[in-house]
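A quick write-up on the structure given underneath.
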Amino acid sequence: MKIKFCGIRRPEDVAYMNEFRPDYVGFVFAGTKRRVTPEKAAALARLLDAGIRKVGVFVDEPPENIARAVKLAGLNVVQLHGSETAQGIERLRTLLPEAEIWKAVRVENSGSIPHALGLGADLLLLDSFSVTEQGGTGKTADLNLIRKANLSSPFFLAGGLNSGNIGPIVREFSPYGVDISSGIETGGVKDRRKIEQIMRILRKESGKAVG
Ligand SMILES: O=C(O)c1ccccc1N[C@@H]1O[C@H](COP(=O)(O)O)[C@@H](O)[C@H]1O
């Protein structure tokens with residue numbers, strides 16, 4: 001099972017990533033408290049272990065701006081967390097033929113996942129829905145809707161995952177990967193102890209069932 005830690009924005013956060021080595025780290029380019037500029041992401045990316053893949057999180061950003069950030073910071077994956085369309089994704093593929101494209105689904109109702117499956121992304125990332133925020137909410141996704149969707153393609157699971165709930169959730173859903181942001185923070189900043197704790201749980205779970 002792949003592990004992504006999101007919302008990296010300080011050199012200390014990069015040091016924690018290099019120590020615990022998730023598969024992916026995410027830089028948030030949307031206008032939230034975790035936002036970094038492409039230049040800042042590039043500076044942090046230079047400190048990151050070369051074996052960790054870099055994800056850029058964007059919300060309804062024009063494809064040309066996304067392409068600029070990807071090239072500047074050397075990102076491997078684009079995570080689209082807004083209401084992006086199939087045409088937007090097609091345009092991104094033309095601009096960034098090498099990048100993986102993930103579509104985040106803020107799971108609101110039974111139509112959310114089927115709609116996203118038709119957009120042509122490489123992978124879906126299932127997150128919680130909120131009227132006021134577009135991601136990084138710390139709120140658990142609607143697991144009943146995810147259960148009912150019975151997805152047959154690999155997906156990332158996100159939304160309020162933390163050391164208290166992640167074990168049973170990954171056991172039930174066997175996601176391709178998990179994405180955690182709020183659950184490894186204390187007082188709005190990444191917390192080394194929480195990262196260590198969650199890595200311990202995920203390594204144990206991977207050894208057990210998820211592979
Ligand atoms: O983290 C953010 O601030 C953010 C802002 C806008 C869009 C997405 C964002 N993060 C993504 O949100 C999910 C869930 O995060 P959490 O664990 O519930 O805090 C995750 O995929 C982040 O990449």
Side-chain angles (χ1 to χ4, degrees), residues 1-4 6-7 23-32 34-38 41 45 53-137 139-161 173-181:
M1 184 178 46
K2 304 294 182 194
I3 301 168
K4 171 174 171 250
C6 202
D23 301 282
Y24 299 89
V25 303
F27 299 104
V28 177
F29 296 96
T32 71
R34 300 188 184 91
R35 179 174 182 272
V36 290
T37 61
R53 290 172 71 77
K54 298 177 282 290
V55 181
V57 180
F58 301 89
V59 175
D60 298 326
E61 191 71 32
E64 287 69 19
N65 295 359
I66 296 178
R68 178 181 174 270
V70 166
K71 287 173 188 165
L72 200 67
L75 307 176
N76 310 101
V77 181
V78 173
Q79 177 179 324
L80 301 172
H81 224 96
S83 306
E84 294 82 3
T85 61
Q87 291 92 313
I89 291 177
E90 212 177 294
R91 173 84 184 126
L92 262 184
R93 288 215 186 276
T94 312
L95 293 172
L96 297 168
E98 314 266 280
E100 254 179 73
I101 301 178
W102 297 355
K103 181 70 192 87
V105 191
R106 298 157 59 225
V107 182
E108 182 184 7
N109 55 47
S110 59
S112 308
I113 295 174
H115 168 76
L117 280 170
L119 296 177
D122 296 309
L123 197 104
L124 296 188
L125 182 148
L126 309 180
D127 190 13
S128 53
F129 176 79
S130 154
V131 180
T132 51
E133 293 164 281
Q134 285 176 303
T137 61
K139 258 182 55 183
T140 310
D142 188 328
L143 298 178
N144 262 329
L145 288 174
I146 296 175
R147 236 171 242 129
K148 283 183 191 146
N150 199 17
L151 258 181
S152 55
S153 47
F155 61 93
F156 260 79
L157 197 52
L161 296 172
F173 289 92
S174 298
Y176 171 74
V178 287
D179 185 7
I180 305 133
S181 185

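Residue Leu125 comes nearest to Trp102 through the heavy atom pair CD1-CE3, 4.1 Å, listed as atom of the first residue, atom of the second, then distance. Smallest separation of non-hydrogen atoms from Lys54 and Ala73: CE-O, 3.7 Å. Taking all atoms of both residues into account, the shortest heavy-atom contact from Ala99 to Asp122 is O-OD2, 4.3 Å. Residues Glu84 and His81 come closest through the heavy atom pair OE2-N, 3.6 Å. Closest approach of Ser110 and Leu145 over heavy atoms only: N-CD2, 3.8 Å. Contact between Ile89 and Gly120 at its shortest, heavy atoms only, is CG2-O, 3.8 Å.
Using a distance-only test at 3.5 Å, with no hydrogens or angles considered, no donor-acceptor pair links the side chain of Arg106 to the main chain of Ser112. Side chain of Lys139 to backbone of Phe129: a donor-acceptor contact under 3.5 angstrom is found.
Within the 4.5 Å cutoff, the side chain of Leu126 has heavy atoms near those of the Leu151 side chain. Taking 4.5 Å as the limit, some side-chain heavy atom of Phe156 sits within range of a side-chain heavy atom of Lys4. Between Phe173 and Leu143, some side-chain heavy-atom pair lies under the 4.5 Å cut-off. Residues Phe27 and Val55 are not in side-chain contact: their nearest non-hydrogen atoms beyond the backbone lie 4.5 Å or more apart. In this structure, the side chains of Ser153 and Leu117 come closer than 4.5 Å at one or more pairs of heavy atoms. In this structure, Met1 and Pro175 have side chains that are in contact, with non-hydrogen atoms separated by less than 4.5 Å. Put simply, the side chain of Thr32 does not reach to within 4.5 Å of the side chain of Val59, judged on heavy atoms. Between Arg34 and Ser181, some side-chain heavy-atom pair lies under the 4.5 Å cut-off.
A side-chain N or O of Thr137 and one of Ser128 form a donor-acceptor pair less than 3.5 Å apart.
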List the steps, then state whether side chain to side chain contact (heavy atoms under 4.5 Å, CB included) holds for Leu96 with Leu75. CA-CA 10 Å; Leu96 297 168; Leu75 307 176; over 6 Å; no
Does the salt bridge (charged side-chain N to carboxylate O under 4.0 Å, His left out) test come out yes or no for Arg53 and Glu100, once each step is laid out? CA-CA 11 Å; Arg53 290 172 71 77; Glu100 254 179 73; 3.4 Å; yes
Working note: Ile66 + Leu80, criterion side chain to side chain contact (heavy atoms under 4.5 Å, CB included); need CA distance, chi angles, decisive distance, verdict. CA-CA 10 Å; Ile66 296 178; Leu80 301 172; 3.8 Å; yes
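Atom CG of residue Leu119 and atom CG of residue Leu124 lie 8.0 Å apart, to the nearest 0.5 angstrom. Distance check, rounded to the nearest 0.5 Å: CD of Gln79 to NZ of Lys103 gives 9.0 Å. A distance of 12.5 Å separates CD in Glu98 from CZ in Arg93, rounded to the nearest 0.5 Å. Rounded to the nearest 0.5 angstrom, Phe58 CZ and Asn65 CG are separated by 9.0 Å. For the atom pair Ile3 CD1 and Leu161 CG, the distance stands at 11.5 Å (nearest 0.5 Å). Atoms CG and CZ, on Asp142 and Arg147 in that order, are 9.0 Å from each other to the nearest 0.5 Å.
Heavy-atom contacts from other residues, nucleotides or ligands closer than 6.0 Å to CD of Glu90 number 12 or fewer.
With sequence neighbours left out, the salt bridge (Lys or Arg N to Asp or Glu O under 4.0 Å) criterion links Glu64 to Arg91.
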